Trainee: 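The structure is given below, and queries will be raised subsequently.
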Amino acid sequence: MEAFQLLSRGGARFDKNRFKNDVQLFNKTKPSNDKGKAVAKASEGELPAELDFFKYAQGGSAKRKTSGSEQRESAENTTKKPRLEEDEDEDEDDQPDAADDPPMPRHRVTTKGNNVPEHVESFQALQERYALSNRLLTNLEESGYKRPTGIQSYGIPILMESRDLAAISPTGTGKTLSYLLPVMASLGAPAASSKGDAGTGVRALILAPTRELAHQIHNECLKLAQGRKWRIVLFSKATASTLADKNVRDKVDLVISTPLRLVAALQAGHIELDNVRHIVLDEADRMLDSEFLSQVQEVVAACTYPNVQKAVFSATLPAGAEKIAMSMLQDPIRVVVGLKDTPLPLIAQSLTYVADDPSKLPTLLQYLSQPYNPPVLIFVSTQPRAASLAEELVINSIPNVDCLHAGMTRKEREDAVSRMRRGESWVMVSTEVMARGMDFKGVREVINYDFPQSVQSYVHRIGRTGRAGREGKAITYFTNEDAPFLKAIANVLLQSGSTVPEWILKLPKPSKMKRREMGKVKRAEAVTPASRIGRQDAIKKRDMIAGSKRRQGKAERKAQSTQDRDGSVADEREN
DNA sequence: AAAAAAC
């Protein structure tokens, strides 16, 4: 019985009531089902009419054509029904479903490899060529997919023909469907039935770097699997223990997991992967970086089925990661949509000089005191800074502030995501955990409060906006300390069509020594508060912030106490 | 180069 609750079957709808009792911590307004109304009301007329972030700007003017073997990427979506009525929890997907259907930007697609299968122009053509089930096509339509994006029209045929694939495609261009559809098409009969050659145990495996992303992929997967009896499992502690029963796990068809979770289950003997025929690494460069690599290798090594199909997907793939990826793949095809490591031109990017850390908060508060398009996603470098910035914003009466980082409990994280999906978060402060893959369609503004630690991080962070052909805006604060890394990011802006002040471009490339020296400068553990006034309120309000106690690691509690004691944690260190 | 995330 428990197993049936935990194992989401294909066809089961996502539990709509699950978040019903969420405490609406930050809503000053009464929670309402009518998003537009709620937003307009609470904005007290400060926000522009276009603020209704569930309607999307027409991306027309920003559309750019590139020549070459041009790929049509159309807006894939469609259904005109208002999303909210349909499902409250806003389950996520890589695709749009807004009423206003912005045209997708067109990107050049390049392929490399032996006998590259012909791309398809439509899902119809795909069905005809590969005899996809009507069911799958219906589910596609109902999920709002209309026309394949670049990566979908090239990637799906490659995977359908059982080839290995390295796919590089910008943020928000529909990578998830590119691997889900072929996997589903090849699953055939559920393992629970005795028909077909399903064998016993998991047949497809999708790995992602964060719980939130795995969850999002799972939701998308359930939509596509409607009406089928596949068992699609989002691997978690709970499911892992359920799968300790071999009878249960033998009936699982598809698993979505983070690597470490799966490694733990393997070691505990709670899962076998010898029947896995498809492995997908989402956010491949992240999955192949030093911390994840050995875990991923262990998982891959446990997949002993002959000729396992492997595919890796990302918007960024630095040379080192690509080399590792290619060495794992057999006779791979490499597909690149647009320019690797480059944000979409739809995202208007800018850089803001803030001198030093203490100047950031006033700058942000000033920004948030003017009309903006909620929800705004704000990135900081550490968990303590995420928690303390969220705190400071609450103290300063910014409405509907939320916080999400991996130091929070599973439930707190889930709640934060669901508030975000429901449009209840106006300002979401988070760490790198949110930087990759997360698809919040309404996000039109990203602020890098703390400078990103790599070009890849930058590209993924700002890629939370400008999804599926919509416009977006990204602001990056930089301090004197960030100067050594500024030029690299400035070049990214230039390459993707945003403008950069000339003086930044004229910056000399700092010597390695200088960079190393500056890299040592430690950032304050907590965000520097704007003022000491209202500190008493602050303490009260602090406890309202999701997970404000447990979530905090030692470092943070220390920072917190420092803050309370001497009233300031400004990083006074000179550089 | 470096923190975050994975449990």
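Quick caveat, the model's predicted, so the values are computed rather than measured. A, B, ... follow the sequence lines: proteins, then strands. Residue 1 opens every chain.
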Trainee: So, applying side chain to side chain donor-acceptor pair (under 3.5 Å) with Lys360(A), which one of Asp450(A), Thr479(A), Thr352(A) is it?
Mentor: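 Of Asp450(A), Thr479(A), Thr352(A), side chain to side chain donor-acceptor pair (under 3.5 Å) with Lys360(A) is met by Asp450(A) alone.
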Trainee: Let's see if you get this right: which residues in residues 256-271 of chain A place a heavy atom under 4.0 Å from DNA chain B?
Mentor: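 Only Thr258(A), Leu260(A), Arg261(A) qualify.
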Trainee: Per the atom types in the model, does the base of dA5(B) pair as donor or acceptor with the side chain of Arg286(A) at under 3.5 Å?
Mentor: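 Between dA5(B) and Arg286(A), which were checked side chain against base, a qualifying N/O pair under 3.5 Å is present.
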Trainee: From dC7(B), dA6(B), dA4(B), pick the nucleotide closest to the side chain of Phe292(A)?
Mentor: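 Selected nucleotide (nearest to the side chain): dA6(B).
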Trainee: Less than 4.0 angstrom from a charged side-chain N to a carboxylate O is my criterion; do Lys411(A) and Asp415(A) meet it?
Mentor: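 Here Lys411(A) pairs with Asp415(A) in a salt bridge, since their nearest N and O are under 4.0 Å apart.
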Trainee: Please list, chain by chain and in numerical order, all residues satisfying side-chain hydrogen bond (donor to acceptor under 3.5 Å, both in side chains) with Gln295(A), sequence neighbours excluded.
Mentor: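 Gln295(A) satisfies side-chain hydrogen bond (donor to acceptor under 3.5 Å, both in side chains) with no other residue.
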Trainee: Flag the pair Arg231(A) and Asp250(A) as a salt bridge only when some basic side-chain nitrogen lies within less than 4.0 angstrom of an acidic carboxylate oxygen.
Mentor: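 Salt bridge: no.
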Trainee: Measure CG/Leu293(A) against C1'/dA5(B) and give the value in whole Å, please.
Mentor: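 So the two atoms are 15 Å apart, to the nearest Å.
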Trainee: Starting from C1' on dA3(B), measure out to OH on Tyr458(A) and report it in whole angstrom.
Mentor: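 Going from Tyr458(A) (OH) to dA3(B) (C1'), I get 19 Å.
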Trainee: dA5(B) P sits how many Å from Arg413(A) CZ, rounded?
Mentor: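 Nearest whole value for this atom pair: 7 Å.
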Trainee: Quick one: is Arg461(A) getting a side-chain N or O under 4.0 Å of the dA3(B) phosphate, OP1 or OP2?
Mentor: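 Arg461(A) to dA3(B) OP1/OP2: no side-chain N or O under 4.0 Å.
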Trainee: Counting the atoms with a prime plus P, OP1 and OP2 as sugar-phosphate, which does Ser454(A) contact under 4.0 Å by heavy atoms, base, sugar-phosphate, or nothing?
Mentor: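 Base, at least one base atom sits under 4.0 Å.
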Trainee: Where do Asp482(A) and Tyr477(A) land on the side chain to side chain donor-acceptor pair (under 3.5 Å) test, with the steps shown first?
Mentor: CA-CA 9 Å; Asp482(A) 301 318; Tyr477(A) 292 173; over 6 Å; no
Trainee: One thing to verify: whether Glu220(A) and Lys223(A) come together as a salt bridge, which I'm taking to mean a side-chain N less than 4.0 angstrom from a carboxylate O.
Mentor: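 A salt bridge is present here (some side-chain N lies under 4.0 Å from a carboxylate O).
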Trainee: In whole Å, I'd like the distance from the CD atom of Glu291(A) to the C1' atom of dA5(B).
Mentor: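 So the two atoms are 8 Å apart, to the nearest Å.
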Trainee: Take atom CD of Glu212(A) and atom P of dC7(B), then tell me their distance rounded to the nearest Å.
Mentor: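 So the CD-P distance, Glu212(A) to dC7(B), works out to 10 Å.
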Trainee: Suppose we screen for ring-ring contact (aromatic ring centres under 6.0 Å, His included). Which residues come up paired with Phe235(A), at least two apart in sequence or across chains?
Mentor: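 Scan of Phe235(A) (ring-ring contact (aromatic ring centres under 6.0 Å, His included), adjacent residues dropped) gives none.
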Trainee: Closer than 4.0 Å, any side-chain N/O of Thr431(A) to the OP1 or OP2 of dA5(B)?
Mentor: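 Thr431(A) to dA5(B) OP1/OP2: side-chain N or O found under 4.0 Å.
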Trainee: Can you tell me how far P of dA6(B) sits from CG of Leu288(A), to the nearest Å?
Mentor: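 Whole-Å distance recorded here is 17 Å.
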Trainee: Rounded to whole Å, please give me the gap between CZ in Arg385(A) and C1' in dA4(B).
Mentor: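 In whole Å, dA4(B) C1' lies 14 Å from Arg385(A) CZ.
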Trainee: Any side-chain N or O of Gln383(A) below 4.0 angstrom from OP1/OP2 of dA5(B)?
Mentor: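 True: Gln383(A) side-chain N/O within range (under 4.0 Å) of dA5(B) OP1/OP2.
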Trainee: Nearest whole angstrom, please: distance from the P of dA5(B) to the CZ of Arg211(A).
Mentor: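 The distance from CZ of Arg211(A) to P of dA5(B) comes to 10 Å, rounded to the nearest Å.
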